[in-house]
Structure formats: structure tokens, C-alpha cells
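Throughout, a chain's letter reflects where its sequence line sits, starting with A, and its residues are numbered from 1. Keep in mind the model is a prediction, meaning the values are calculated, not measured.
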Amino acid sequence: MRTQASVMHLDLDAFFAAVEQRDKPSLRGKPVVVGGVGGRGVVATASYEARVHGVRSAMSTREARSRCPHAAFLSGRFHAYREASHAVMSLLRSVSPLVEPLSLDEAFVDLQRAGLPDLEVATVTAFAEELRGRVTEVTRGLTASVGLGTSKFIAKVASDLDKPDGLVVVAPGTEQALLRPMSVTVIPGVGPATTERLRRAGIHTVAELEAVSLDELVRLVGRAHGTGLWSLARAQDDRPVVAEREAKSVSVEGTYDTDLTDRRLMEGLLTRQAGEVAARLRKHGMSGRTITIKVRLHDFTTLSRSSTLVSPTDSAATVARTARALLADLDTSGGVRLLGVGVSGLADWVQEDLFGETEEDEEELPAVEVPHHSRRTWSPGMDVVHAEMGRGWVWGSGRGVVTVRFETAETPAGPVRSYAEDDPALTAWVPPPLPDEQD
DNA sequence: TCTGGGGTCCTAGGACCC
DNA sequence: TCTGGGGTCCTAGGACCC
């Protein structure tokens, strides 16, 4: 355990909403809600003006609208958030090499590596106060709440104590006195399910948790969680600040405003998502062996199915084909509200394709040359179309020709037909935009 | 028409191997 | 014709975080 308050936690206040208010002066001082604006959207961030009306993160947008009808409801501009986040993280990294981002708006900073003359409370307090000012400068007006303590846990608790735009330093030695009267929910990892289990055992506060034996805690919540809780209840936390963490999975999912029932549509959407996952893998030079689909049914029950390949892939066609095969085993007759595709078991290399079956091969299906009429662009693996044989998806495009593969449950590798891209027999089915495309 | 999206970690059971 | 244990990998589900 550290004996000095050398761990800092920094949290940008109402981050998404604050960026919107910064960039659009007419929103300043007004309630702003950023999140999903569709029928099944939820609130990502509410400005403090909206919180006054009871709007909270993770609340359905529908409920937020009824609580605060006059708020501005925005779907979010993630490039602007990323830019502001990058400015803050760069600033933090200029101050200490040990910066651990938790999300776009939060990070831990290890002040043991910040080159301060000492780590006394007065010194780190003055340092953090100055840093908060610089965060506001580099973000052109955003504010941050900062906590300092002898561990990650204490620093995080501290940053929550004086929001927004606050600074709290928990003096070494005072941690347990601070925590004991607090609810067990201040402990990271204690969510609704654990809170309920503890409540049934008569445990509500950290002091009450501290009185429970390790064996009893393990019995209540399991081995890993129990031992973690036992330590945190005593303010024992020696988790280091870790700068670089390797990604372990990449995924894309979407919730649709109305439940899906058409399997061909679901396959088209999975294919499109697989394309996005593969593109992100390639962008980072990664590939993965395990492909997982996620399906949320109309009644919110959530299923997953996964399949592990013999070697890692970053191929859109391979991910898509595997995802569609996994969907085939599921009964979706009641309707599907969410579909997702993920790849895990990541490696930073790609297996040479030993069998010569590459994505390029699949995309270079025979196509008929016709005069070019550039009406729109068709994306292989992304666009779902209707044509005379029913619904299919675009397998290849170029030179004014669109190749469509018609697959059915009975014939997974169904017939392929080529059309001029402005052929009236061909009509696009355009899936709803994904959140990040709504910028 | 309650309940997002992108992640991490843990658990438990079965297969398989030594 | 009885009975192992440990380790690793894989799958499915769940809790949690921001």
C-alpha cells in the first residue's frame, strides 16, 4: 500500500453534454441529453441542467423525454468527443508516463512518476489544482473533477465527492474512516446483483462489509469477487496504474427500433456488422480466432453462440460466414431486438492463408460488363438488396456491375446474379444507420 | 414499444490429455 | 468391469463498468 496520496483519478464532468454545450452556445445553461434518440435509445450523458429534472445515464430516452421534454436530445458527435478526450489524455501523458484511460472521459494518473519534489498532500493538491486549469484550457472550457488518494479505489471515490469541477484529496490514513459509513455500492464491482445479495445478508455499508469474514464473503459472491471485496472493504488496494492495455475483443452490435423476424434480413445485418468488425481488426493490425454472435430476443433474453477457428482471421467474409452459420442454430421466431458480432482471442498477426481461399477470391465473382451509370455505390457484404429472386446481399461491385448472391436456408451458397447497378430489378434495402454514423 | 454500445472479468461444465 | 486428479481449451451466460 502506498503511504502517500499519489494516485489521481480525473473525470470530465457530464462529458458528452459538456462538449455539445461548448460547441453550441445556445445550449449553454439548458438541459442537454446525449444518447440514443431512436425508440429504444438510452441516455449516455445528461447535462447538470437535465439532471435537476431527474434525467440520468442509462435511463431510456423515452423516460428522459417525459421527465424533461424541453431538453435538447442529441445523438452524439463522437469525433468531437474523441478529439477532446485526446487533448486531455495527451496533457495527462505530458505530466506522467503512467496514465491509464478508463474511457473517453476518465483516467488514472500515477503521480509517483510525475517528477514532483515530494508527494505530500499540499504538493499534490496544488499540482492537481493547476492541472484542472490546464484541462479546461486544452479542451476550451470543459471542467474536470479530480480525486487523489493512496490507491485507485480511494482516488476514484474521492473524485466523486465534489462533482462537478471539484478536487478532493483523501489524506493518507483517513481512508477507512471515509469509507465505513458509505454504501457498499461505492465499491467498484458492486452492482445491482451484488448489492441485493449483500442486502439479504444484512450488509449495507462498508463498515458492515468489513465485519464479514472472508469465507462468508466468498460463500456469498464467489471466490474472485469475494476476495476482492474483502480487501476493498479494508481500503486495501494495490492495483497498479497500467498505461497500455491490449484489446481482447472487438465487437459491433445494434438494437433495432422494431423487432426483426426476417432471417434474410438478420443475415444481411450480421454480414454488414462482420464487415465493420473486420475493418476495425485490420485497422489495428489484429486478427482473432473466436467469432461470437449476440442475439437479444423480443423478451430481452440474450443468447450468444461462438465458434473458434483453427487460425486467426481478419477477413470480413470469414467472420460473416461464421456469424451466419451460428445464427442458423437459433430460434428467432419470436423476433429479435438486437444483433451483434464480435471477434476475440486476438493476435497481432494474421495466419497466411494456406488454402488459397481469400476474400478477394470471393469478391471477384464473374460480372458482366455494362455501361456505367453512377447512380449509387454498392458495398460488398454491406448492402442488402431485393431483386427478382428475392432478397440477397451484394457480393461484389464495380465497373457499373453489381453481383448479388442469393442465399437461402436450404442453399447457403445460393445462386449468384449480376446486374447493372441501375437495373430497375435491383432495389436497395438500406439498414438503419449505426450510432457512430450519425455524427 | 421499459431496458445502448463496447468492453472486461468470472463461473461452471464438458472435452481432452497426461 | 474399479476408480484418479490436474491442467487447458472451449462454450454459454452473467455481472459489471463507463
**Prompt:** Contact class for A/R223 vs. all strands (heavy atom < 4.0 Å): base, sugar-phosphate, or nothing?
**Reply:** sugar-phosphate

**Asked** At under 4.0 Å between heavy atoms, what does A/S57 touch on the DNA or RNA strands: base, sugar-phosphate, or nothing?
**Response** nothing

**Item:** Pairwise P distance, B/dT1 and C/dC18 [rounded to whole Å]
**Value:** 33 Å

**Prompt:** For the side chain of A/F300, counting heavy atoms from C-beta on, which of B/dG5, B/dT3, C/dC18 is nearest?
**Reply:** B/dT3

**Asked** Rounded to the nearest Å, what distance is computed from the CG atom of residue A/L229 to the P atom of nucleotide C/dA15?
**Response** 15 Å

**Item:** Nucleotide B/dT3, atom P - distance to CG of A/L338 in whole Å
**Value:** 12 Å

**Request:** State whether A/K248 places a side-chain N or O below 4.0 Å from either non-bridging phosphate oxygen (OP1 or OP2) of B/dG7.
**Result:** no

**Request:** Give a yes or no on whether a donor-acceptor pair under 3.5 Å exists between the nucleobase atoms of B/dT1, that is its base, and the side chain of A/R62.
**Result:** yes

**Prompt:** Is any side-chain N or O of A/S304 closer than 4.0 Å to OP1 or OP2 of C/dG13?
**Reply:** yes

**Message:** In this structure, how many angstroms lie between the C1' atom of B/dG6 and the CD atom of A/E106, rounded?
**Reply:** 15 Å

**Asked** Is the distance from OP1 or OP2 of C/dC16 to the nearest side-chain N or O of A/T194 less than 4.0 Å?
**Response** yes

**Prompt:** Can A/R51 be said to sit on top of A/Y48's aromatic six-ring, NZ or CZ under 6.0 Å from centre and within 45° of the ring axis?
**Reply:** yes

**Prompt:** Starting at CD of A/E100 and ending at P of C/dC18, how long is that distance when rounded to a whole Å?
**Reply:** 13 Å

**Prompt:** A/V190 near the nucleic acid: base, sugar-phosphate alone, or nothing, with a heavy-atom cut-off under 4.0 Å?
**Reply:** sugar-phosphate

**Message:** Is a donor from one side chain sitting under 3.5 angstrom from an acceptor on the other, for A/S47 and A/E49?
**Reply:** yes

**Message:** B/dT8, OP1 or OP2 - any side-chain N/O from A/S249 closer than 4.0 Å?
**Reply:** yes

**A/R305 side-chain N/O to C/dA12 phosphate OP1/OP2 under 4.0 Å** = yes

**Message:** Can you see if the side chain of A/S306 gets near the phosphate of C/dA12 - specifically, an N or O under 4.0 Å from OP1 or OP2?
**Reply:** yes

**Asked** Side-chain N or O of A/T255 less than 4.0 angstrom from OP1 or OP2 on B/dG5?
**Response** yes

**Message:** By the 4.0 Å heavy-atom rule, please label A/L104 as base, sugar-phosphate, or nothing.
**Reply:** nothing

**Asked** Taking atom C1' of B/dT8 as reference, at what distance in whole Å does atom NZ of A/K152 sit?
**Response** 13 Å

**Message:** Looking at A/E246, I'd like to know if its CD atom is crowded, meaning that more than 12 non-hydrogen atoms belonging to other residues, nucleotides or ligands lie closer than 6.0 Å.
**Reply:** no

**Request:** Give A/R197 one of three labels, base, sugar-phosphate or nothing, depending on what nucleic acid heavy atoms sit under 4.0 Å from its own.
**Result:** nothing

**Item:** Span that lies between the P atom of B/dC2 and that of C/dC17, in whole angstrom
**Value:** 26 Å

**Request:** Counting Watson-Crick and G-U wobble pairs only, both distances under 3.5 Å, name the nucleotide matched with C/dC18, or none.
**Result:** B/dG5

**Request:** Rounded to the nearest angstrom, tell me the gap between atom CZ in A/F73 and atom P in B/dG4.
**Result:** 16 Å

**Item:** Donor-acceptor side-chain pairing of A/S145 and A/D13 below 3.5 angstrom
**Value:** yes

**Message:** Taking only side-chain N and O atoms of A/R337, does any of them lie within less than 4.0 angstrom of OP1 or OP2 on B/dG4?
**Reply:** yes

**Message:** Please classify the nucleic acid contact of A/D259 as base, sugar-phosphate, or nothing, using heavy-atom distances under 4.0 Å.
**Reply:** nothing

**Any side-chain donor near an acceptor of the partner, A/S151 and A/R239, under 3.5 Å** = no

**Request:** For A/L232 and A/L179, work out which heavy atoms get closest and say how close.
**Result:** O-CD1, 4.1 Å

**Message:** Applying a 4.0 Å non-hydrogen cut-off, can you work out what A/G191 is touching in the nucleic acid: base, sugar-phosphate, or nothing?
**Reply:** sugar-phosphate

**Residue met sooner reading DNA chain B from 5', once A/V42 and A/V221 are mapped to nucleotides** = A/V42

**Aromatic ring pairing A/Y81/A/F16, orientation class (parallel under 30°, perpendicular over 60°, tilted between)** = parallel

**Asked** Using a cut-off of less than 4.0 Å, is there contact between a side-chain N or O of A/T308 and OP1 or OP2 of C/dT11?
**Response** yes

**Prompt:** Within the structure, does a side-chain N or O atom of A/K156 lie under 4.0 Å from either OP1 or OP2 of C/dC18?
**Reply:** yes

**Message:** Under 4.0 Å, heavy atoms only, any strand: does A/A44 hit a base, just the sugar-phosphate, or nothing?
**Reply:** nothing

**Request:** Give a yes/no on whether any side-chain N or O of A/R296 is located under 4.0 angstrom from OP1 or OP2 of B/dG5.
**Result:** no

